[in-house]
Amino acid sequence: MCKAFADAGTDAQTYWVDGTHHGFVFPQRPVYDQPAAERHWELLLDMFARLLH
């Protein structure tokens, strides 16, 4: 995926959180990982603050 973004000429960033599974940010899911979810939301909200003005 990172290569696809680079090939498309974007400055997109991807983050992988080792040891997590799809849906790890949602408390209702059995794969919920609180520390990883908190980091995810921090990164996402930071991105919104930088790009959506």
Side-chain angles (χ1 to χ4, degrees):
M1 181 182 296
C2 296
K3 183 178 180 328
F5 285 134
D7 290 347
T10 72
D11 61 353
Q13 296 177 351
T14 56
Y15 295 92
W16 300 99
V17 183
D18 291 334
T20 60
H21 298 279
H22 181 78
F24 71 92
V25 299
F26 303 106
Q28 303 82 359
R29 306 255 346 245
V31 295
Y32 178 64
D33 182 317
Q34 184 175 356
E38 289 173 357
R39 180 66 177 141
H40 161 79
W41 290 116
E42 179 183 296
L43 291 168
L44 184 64
L45 294 174
D46 178 64
M47 179 191 70
F48 288 162
R50 285 183 289 109
L51 300 176
L52 303 176
H53 16 340

Item to check | Pair listing, salt bridge (Lys or Arg N to Asp or Glu O under 4.0 Å) test, anchored in residues 43-53, at least two apart | outcome: D46-R50

Checklist entry - Other hydrophobic cluster members with Y15, side-chain heavy atoms of Ile/Leu/Val/Met/Phe/Trp/Tyr under 4.5 Å, chained? => result L43

N/O donor-acceptor pairs under 3.5 Å from side chains in residues 17-35, not counting sequence neighbours:
residue : atom : partner : partner atom : Å
T20     : OG1  : V17     : O            : 2.7
D33     : OD1  : A36     : N            : 3.1
Q34     : NE2  : E38     : OE2          : 2.9

